[in-house]
Amino acid sequence: MNKRILSGMRPTGSLHLGHLAGALENWINLQEEYECFFMVADWHALMGEYENPENIASFGLDNVVDWLAAGIDPKKSTIFIQSEVPEHLELQMIFSCFTPLGLLERCPTYKEQLREVKTRDLHTYGFLGYPVLQAADILLYKAGAVPVGEDQLPHLELTREIGRRFNLLYKTEVFSDPKAILTKHPRLLGLDNRKMSKSYNNAINLSDSEEVVVKKVSSMITDPKRIKLSDKGHPDVCNVFSYYEIFDPEKKKDVRDWCENAKIGCTECKKKLSAGILERLKPIYQRRKEFLQDKAVIRKILDDGREKAAAVAACTMREVKKAMGL
Ligand code: TRP
Ligand code: SF4
């Protein structure tokens, strides 16, 4: 496997603890070992937010600030904005010529979104092609691996299928199969035990102040059977405990003992959890503040990123067109 990685996030809102635990930590660690390309997937955001596209650009910049604050290092990784490298669309168009409709219509993420998203109309030509653009993202950089959550596996499968079809059609070996690198902590639930999402308003954002974090943690749902302080609790069914697992793992043993033997109450348990979370967030706050004071630095990082990304993209497109005789 080659040592290049590409991953992306859609800029549809502020980043929260779920992004930190699910994707960013993974990205940060991978920087040491791989040549990493991290992309703001603004075209992908547009496919869902086409009725209100005016926030995509500012969310994108805000997300990049969070990436940098969390530890994505522009000296090690290439950080760029998808729409600033036009080759993504060019390759998507070429792929769309031979991607069978059936493959896209059967894609489980597509079917699920059509079923579940009620606030926007996703019965569009563009949204059907979402995975084709994602395949173009990945194959344009010839990424050997793609760090993603489990929900993205069907898109990776489609990416491999599209790459293979290209090779077969044009009798070439331009593309090879990218592998998934799955995130360690697949899903962090929100404060109310539903999926963490800005649309449920149940997330702790990386940009939340200390007071807000404490308040949000204190509102978390705990073991419903534990009503009185003297009731013994069941940490394994308590979302607070799963947060400890991610944000303060050394305390897990103690928490289990405190909870199962009714040594401390849930209020106290949550207070200690906020302290653990804040410990993790404080350096991020600090760096976030520094970056926000100098927006020109962010623009420079993105300009450098675009240049590096564009060089790779142009090279792949030359090979693609040559293989096709265009
Ligand atoms: N579809 C991904 C998501 O919603 C975002 C994305 C776009 C992506 N292009 C990508 C992820 C390429 C990995 C590789 O999370
Ligand atoms: Fe959950 Fe902690 Fe309460 Fe146990 S003590 S139920 S782990 S909040």
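Both counts, for ligands and for their atoms, begin at 1 and track the order of listing.
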Could you find the nearest protein heavy atom to [atom] and give me its residue, atom name and distance?
atom: atom 3 (C) of ligand 1; value: Gln152 NE2, 3.5 Å
atom: atom 6 (C) of ligand 1; value: Gly8 O, 3.9 Å
atom: atom 8 (C) of ligand 1; value: Gln134 NE2, 3.5 Å
atom: atom 7 (C) of ligand 1; value: His44 ND1, 3.3 Å
atom: atom 9 (N) of ligand 1; value: Asp137 OD2, 2.7 Å

Inset, instruction - Pull up every protein N/O/S atom sitting under 2.8 Å from atom 1 (Fe) of ligand 2, skipping waters. - result: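 Checking every protein N, O and S atom gives Cys238 SG.
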
Legend entry - Six-ring centre of Tyr200, Arg194 cation under 6.0 angstrom, axis tolerance 45°: yes

Legend entry - Glu290 and its side-chain hydrogen bond (donor to acceptor under 3.5 Å, both in side chains) partner, picked from Arg288, Gln286, Arg287: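 By the side-chain hydrogen bond (donor to acceptor under 3.5 Å, both in side chains) criterion, Glu290 pairs with just one of Arg288, Gln286, Arg287: Gln286.
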
Inset, instruction - Run through Lys300, Lys308, Arg306 and flag the one making a side-chain hydrogen bond (donor to acceptor under 3.5 Å, both in side chains) with Asp304. - result: Lys300

Sub-4.0 Å atoms of ligand 1 with respect to non-hydrogen atoms of [X]:
X: Leu6; value: 12 (C), 14 (C)
X: Val146; value: 13 (C), 14 (C)
X: Ile138; value: 12 (C), 14 (C)
X: Ser7; value: 13 (C), 14 (C)
X: Ala41; value: 7 (C)

Inset, instruction - For the pair Asp42 and Ser83, evaluate side chain to side chain donor-acceptor pair (under 3.5 Å) and give the outcome as yes or no after the intermediate values. - result: CA-CA 6 Å; Asp42 55 347; Ser83 66; 2.5 Å; yes

Legend entry - Under 3.5 Å side-chain donor-acceptor pair for Ser58 and Asn55: no

Legend entry - Asp236 and His234 side chains, donor-acceptor separation under 3.5 Å: no

Legend entry - N or O pair under 3.5 Å between Tyr130 and ligand 1: yes

Legend entry - Sidechain N-carboxylate O distance under 4.0 Å for Glu157, Arg106: no

In the structure I gave you, are the side-chain heavy atoms of [X] and [Y] within less than 4.5 Å of one another anywhere?
X: Leu61; Y: Leu302; value: yes
X: Leu133; Y: Met47; value: yes
X: Phe38; Y: Val64; value: no

Inset, instruction - For the pair Asn202 (side chain) and Ser197 (backbone), establish whether a donor and an acceptor sit closer than 3.5 Å, ignoring hydrogens and angles. - result: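 The answer is yes, because a donor-acceptor pair under 3.5 Å joins these two groups.
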
Legend entry - Residues, nucleotides or ligands: over 12 heavy atoms within 6.0 Å of Glu173 CD: no

Inset, instruction - Could you establish whether Gln82 and ligand 1 come within less than 4.0 Å of each other, counting only heavy atoms on the residue side? - result: no

